[in-house]
Novice: 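Handing you this structure, nothing more for now.
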Amino acid sequence: MASFSDRYLRLSQLFSLPFHSQSSSSPFSQKWKKKKKNSNNYNNYSNKRVRKLVREIRAMPSSSLTKQNEVVLRSFKLNESTFLASLMPKKEIGADRFIEANPEFDGRGALIAIFDTGVDPAAAGLQVTTDGKPKILDVIDCTGSGDIDTSKVVKADTDGYITGASGTSLAVNPSWKNPTGEWHIGCKLVYELFTANLTSRLKKERRKKWDEKNQEAIAKAVQHLDEFDQKHKKLDDINLKASRGDLQSRVDYLRKQADTYDDKGPVIDAVVWNDGDVWRAALDTQSLEDDSDLGKLADFVPLTNYRIERKYGIFSQLDACSFVTNVYDNGNVLSIVTDSSPHGTHVAGIASAFHPEEPLLNGIAPGAQLISCKIGDSRLGSMETGTGLTRALIAAVEHKCDLINMSYGEPASLPDYGRFVDLVNEVVNKHRLIFISSAGNSGPALTTVGAPGGTTSSIIGIGAYVSPAMAAGAHCVVEPPSEGLEYTWSSRGPTADGDLGVSVSAPGGAVAPVPTWTLQRRMLMNGTSMASPSACGGVALLISGMKADGIPVSPYSVREALENTTAAVGSLPEDKLSTGQGLMQVDRAYEYIQNSRNCPSVWYKLTINQAGKTAPTSRGIYLRDLGTCQQTTEWTIQVEPKFHEGANNLDQLVPFEECIQLHSENIVVKAPDYLLLTHNGRSFNIVVDPTGLSDGLHYYELYGIDCKAPWRGPLFRVPITITKPIVLKDQSPQITFSEMSFVPGHIERRFVQVPLGATWVEATMRTSAFDTARRFFVDTVQICPLKRPIKWESVVTFSSPSDRNFAFPVEGGRTIELAVAQFWSSGIGSQGSTIVDFEIVFHGINTNKEAVVLDGSEAPVRIDAKALLSSEKLAPVAILNKIRVPYVPVESKLCALPADRDKLPSGKQILALTLTYKFKLEDGAKVKPNFPLLNNRVYDTKFESQFYMISDSNKRVHTMGDVYPKSTKLPKGEYNLQLYLRHDNVQYLEKMKQLVMFTERNLEEKDFIRLSFFSQPDGPVMGNGSFKSSVLIPGALEAFYVAPPTKDKLPKNCPAGSVLLGRISYGKLSHGLKNSENPVKNTVSYLVPPNKLDEDKRKDSSSTGSKSVRERLEEKVRDAKIKFLSRLKQGTEEERSEWRELCASLKSEYPKYTPLLVKILDCLVSQTGEEDRIHYNKEVIDAANEVVDSIDKEALAKYFSLRSDPEDEEGEKTRKTMEGTRDSYVDALYKKGLALMDIDCSKGKKPPLGDAFVIIDDSNKKDRESGTDPCDPDLFEKNFKELERWVDMKSSKYGLLLVERERRRGRLGTSLKVLVDMIQDDGEPPKRKLYDLKLSLLNEIGWSHLVSYEKRWMHVRFPSSLPLF
């Protein structure tokens, strides 16, 4: 993605564009590398570089630029045609020359798979190829982010209508052929298919229209209020006051809606059917249109899978977003494919756009065809997933693609390792696909290439180059550089295991097509994301020619041709770490391919290990730390020729024999002169002696030349990188790099051995001698085994000469690289260079605890601290601010996935394991799930894929995530977390069935626990010996204790076995950073111990009471009977009859026993009463009356009127009994009120408020005559007033009755206000019956725009099912 640090700018930059920055002023850039000393004169330095081109260098050079080409790049003046050409650079890689010489080798016959964010088939230049063929052969969403569950099947009624999944009645077009008459239905919130930018634009447009309607409604409401005030000058009557309050509530509600408006987007219905030949899909998009006659399902032109008819649709004119459909799993899954960013379309355009009217803006290979494999998941802001990557590889093989371009990536702890790498190796080695990928945008420091492009042997990694023409044209700089260079932000090699990392470079910026929804045809983007498709397009030209000339296509031979025919960028051997072998040249590469057509297609696999050691192995030699640079080492190099799978033993393997001449730098690298290489490979030893080298970066190559065909150039290269660090003298913890001179694009690298004992650095950067603003990249990198490179970075802009202070962590005893770079376009056009002084001061406090673990006891933990470098102020600070709770799955499901998109090229079927976890939040909090085994690894893992979603009891999904879980604010309630794991090995998945999941919940700041420190072990208990701070003398040990938190400070809802987490730091920063936090923070944790036994429970368990054994036995028997009654089923009439008989028997046996009557009422309310609703509601009312009659209301009222606190155990027992009786009484009144409320006492029908209570549309004459008619409105009012004596009727628990009371009185505004307050105060997951009632009230008032708004929200709050993974 855009940068490799901080998960890159993946989710924060505009459009979330992988591996690129948005403009020429973006904070990334490149360098001119000086050898040792820095020249203050820019022109003098440039001349030195030109002269240096003709010198012999230590590494085997690629082809350097000819004098003529050098003049072309350095002496130019833009005109209209050269300006347009600079927007889509082709001259730099010789693509224009190649097509001019070979017009039909323009990519024809080459098929490229674009692994990216999706390609818009409606974008400019992506419709046809130069020879009139379809440009895009297939468009696939490999992530599943656009999948809709269409497994529900319905049939049309006699009028040709079906009810869609959203509940909308849909007319089916009678001309659609459907032999079975079965329609698969599903629905989706359309914003889930759109990018954040498109959604933002649509929300603004839709908000304008909604505001107009809301303002109109406000105006009417205010008018009614004014008219009322004019009519009623005095409000003496209570009913008048209530009426005015109702009108005011309406105005207030409308105004509040304008403040809280949150557009979740329209819902679109999808219908899928089989027409007898293919599966087809149609969408109803009326909700997207302003005109109700547009977007109807029946008017939709049905689509089938894109590869069949290559047709696409547009959702609406407003969004201008195109989409395609694919149907899977026999109609049960509909995939609606949209892009998750403009990035993929831009990449595709660079590779192969064809503009017949504007040929200068053509992509590199306008004759090539494409398939779009969307790997950027829309649910994750365009981040790639393992599922997307695997399905993309499956599709590329299935379509028999020649090339793959992937402009994605990130850091990895292990290079050339992982599940995806294994699959890529199979695709390249067996199916002969050429895989090209971006190297990354994390430069300028070394070892910043990302996975998979820069770290995988079978992938060609591409760096980003900018030419003077690109700078002047595409980037519009005032004065372009005099020569081409690598962008500052382009990632550099070597990999952690010594491989070069970058294979070749290509132009890293272009103005290329973007999706139609952006409302523009083209856009400038730059990054290695753009360099990769430029190189890929160049390779497509080669494939076009190879196929036309009958030359077998092999990734091995193509890579060899690319790397041996480049134009060098820079004159120093070390420049290869930035540019790879150089700037690719298509015309030269094709000439090489033609000359070597009879040479075997072989990949020379290198396995390197230090002599005498079998592990670790590497692909190059990387001497970075001090110990390896101070001694001579011997290395064993195994060279294994690898043929493509299926190579013929007799015709290819047996005859293979090459005489290899080895070339090396004799002073530092000593190797044999010759090597006889056969199919079984050969090993040899070399000696590397860095002892005589100066401090700094040194790069060498050992390469092998075919003695019989030396024109082929190197067949293999052993990269040897040495970063000899500066060692601080006299144990001084300080070093200053003075008078460093910078011009645009220049990089200064310094390598320093971090002193043992150092844990952080405080640095100062001083700039001088410049006029206009200067932008610098400041990066540091350290390499540790089995870890991602430890990188710290800062982008600093100096508007005038000044100082900047930094602090960052380091690891003692390891080499650190400091890379300071002036951004390639910063300061261009300004005279003179910038002078920089950079001071580094190492600090360190070392402790005996890397992580502090408090075990839950009262004992503190002893910390031994010392400073080895200089005096440091020891001032420990420890804060616990998170709680981690472990969970195990409550359910696991293992299944085989459908074969249509989840069957590997090897024939293996992918399996899926779904694990379900349950957790509960007593209060709203930010929660992040963690799976330690799986998290934070996309490429360097052997597990294929993971994806999770968190849903509430209503099935509403609150968040989704993958390997990088995020914190999400969740309200109070119960939640399910479903984790989805994929692999083809069932044994791996079986082992994961009990995978432990942790939830990390952020504590509120008021609940943070600040730990105390003591100088004595008894300090936490005795309260003496508090430790605050001291000064550490170098070498002296000082100890103190970290105390556990006191039990009263533990946050609530902190279960036993959970862990409180936080950070602890020890040192204070100095000089300009005194107010900053120490960058070194270690983990501190506290295991929550078991809770103390509840005193009340202990009393209850120990108390036998004064009752006899017989009395206690009778009570137990009675309670058991009641419990048995509550468990009886009432599903059939026979079961209900038996239940009623038992109720009558128990009521006779225990007359007026309130707990029994309460249980009978509860059982009734839990039933639906579907068969006889009238009788059912009467039963509820009768049961409630029995509860009410069983209670002595006078005694109850008398007790609570006294408001006395119990002083003894008996008084406490009485209090609990009376409170329970009161609750039973109130609950019965409430349920009676609900039953009365649901009886229709008027001719007009009102919707029911829930499944448990229904409308009764008839009455009983006998009841009316007896005066107990439940339809009597006075009965509801009488019950309401009685309940009002005991509870607050505005509370969320009882407010429904107040809502209905106000509704009956015609005060709909007040009714709505009470209802909204109930919903807000509830603190529980949304209850559907409350929102149904809200919709009903809005509809009665006549606010149609709010009705539509709330209906859309209903699909968010109460989805019919969980989405697909």
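Here the structure is a predicted model, which is why all the values come from computation and not from measurement. Numbers for residues simply follow the sequence, beginning at 1.
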Novice: I need the Leu500 CG to Leu577 CG distance, nearest 0.5 Å.
Specialist: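 Spacing of CG (Leu500) from CG (Leu577) equals 6.0 Å.
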Novice: Would you check, one step at a time, whether the test salt bridge (charged side-chain N to carboxylate O under 4.0 Å, His left out) holds for Lys791 with Glu817?
Specialist: CA-CA 10 Å; Lys791 185 183 180 189; Glu817 176 194 359; over 6 Å; no
Novice: Under a plain distance cut-off of 3.5 Å, with no hydrogens placed, do Asp771 and Ser830 share a side-chain donor-acceptor pair?
Specialist: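 Yes - a donor-acceptor pair under 3.5 Å links their side chains.
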Novice: Please report the interatomic distance OG(Ser491) to CG(Asn441), rounded to the nearest 0.5 Å.
Specialist: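 The distance works out to 6.0 Å.
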Novice: State, yes or no, whether a side-chain contact exists between Gln822 and Phe770 at a heavy-atom distance under 4.5 Å.
Specialist: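 Result no, sub-4.5 Å side-chain heavy-atom pair not found.
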Novice: Who are the side-chain contact (heavy atoms from CB on, under 4.5 Å) partners of Ser503, not counting sequence neighbours?
Specialist: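 Counting only residues at least two positions away or on another chain, Ser503 forms a side-chain contact (heavy atoms from CB on, under 4.5 Å) with Ile460, Arg559, Glu563.
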Novice: Can you confirm if the NZ or CZ of Arg750 lies within 45° of the ring axis of Phe737 and under 6.0 Å from the centre of its six-membered ring?
Specialist: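 The answer is yes; both the distance and angle limits are met.
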Novice: Looking just at side-chain N and O atoms, do Trp517 and Asp339 make a donor-acceptor pair shorter than 3.5 Å?
Specialist: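 Judged by distance alone, the side chains do pair up.
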Novice: Check this for me, if you would: do Glu574 and Arg749 make a salt bridge, where the nitrogen-to-carboxylate-oxygen distance has to be below 4.0 angstrom?
Specialist: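 Result for this pair is no, no salt bridge flagged.
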Novice: Side chains of Glu92 and Ser467: donor-acceptor distance under 3.5 Å anywhere?
Specialist: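 Per modelled atom types, Glu92 and Ser467 side chains form a pair under 3.5 Å.
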Novice: Mind checking ring-ring contact (aromatic ring centres under 6.0 Å, His included) for Phe98 and listing every partner two or more places apart, or none if nothing turns up?
Specialist: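 Residues passing ring-ring contact (aromatic ring centres under 6.0 Å, His included) with Phe98: Tyr590.
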Novice: Could you please spell out the steps behind the ring-ring contact (aromatic ring centres under 6.0 Å, His included) verdict for His746 and Trp824?
Specialist: CA-CA 7 Å; His746 177 58; Trp824 73 272; over 10 Å; no
Novice: Among residues at least two apart in sequence or on other chains, which ones pass salt bridge (Lys or Arg N to Asp or Glu O under 4.0 Å) with Asp837?
Specialist: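 Partners of Asp837 by the salt bridge (Lys or Arg N to Asp or Glu O under 4.0 Å) criterion come out as none, since no residue qualifies.
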Novice: Is any NZ, NE, NH1 or NH2 atom of the basic residue among Arg521 and Glu357 found under 4.0 Å from an Asp or Glu carboxylate oxygen of the other?
Specialist: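 Salt bridge flag = yes for Glu357 with Arg521.
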Novice: Drop me the distance from Thr764's OG1 to Glu839's CD, to the nearest 0.5 angstrom.
Specialist: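 Those atoms lie 5.0 Å apart.
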Novice: Between the side chains of Arg774 and Thr834, is a donor N or O closer than 3.5 angstrom to an acceptor N or O?
Specialist: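 Distance-only check passes for Arg774 and Thr834.
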Novice: Taking side-chain contact (heavy atoms from CB on, under 4.5 Å) as the criterion, tell me which of Leu360, Leu78, Val511, Asn79 meets it with Leu84.
Specialist: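 Among the candidates, only Leu360 passes.
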Novice: Can Ser802 and Arg804 be said to form a side-chain hydrogen bond (donor to acceptor under 3.5 Å, both in side chains), step by step?
Specialist: CA-CA 7 Å; Ser802 57; Arg804 293 293 175 88; 4.7 Å; no
Novice: Just checking Tyr487 against His475, ring centres under 6.0 Å apart?
Specialist: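 Yes; His475 has its ring centre under 6.0 Å from that of Tyr487.
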Novice: Is any side-chain N of the basic residue among Glu100 and Lys90 closer than 4.0 Å to the acidic one's carboxylate O?
Specialist: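 Answer for the salt bridge query: no.
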Novice: With a 4.5 Å limit on heavy-atom distance, are the side chains of Ile462 and Thr528 in contact?
Specialist: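 Result no, sub-4.5 Å side-chain heavy-atom pair not found.
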Novice: Side-chain contact test, heavy atoms from C-beta onward, threshold under 4.5 Å: evaluate it for Thr455 versus Asp499 and give yes or no.
Specialist: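 The answer is no, as the side chains (C-beta and beyond) never meet within the 4.5 Å cut-off.
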Novice: For the residue pair Arg766 and Phe838, would you count it as a cation-pi contact if the rule is NZ or CZ under 6.0 angstrom from the ring centre and within 45 degrees of the ring axis?
Specialist: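 The answer is no, since Arg766 fails at least one limit relative to Phe838.
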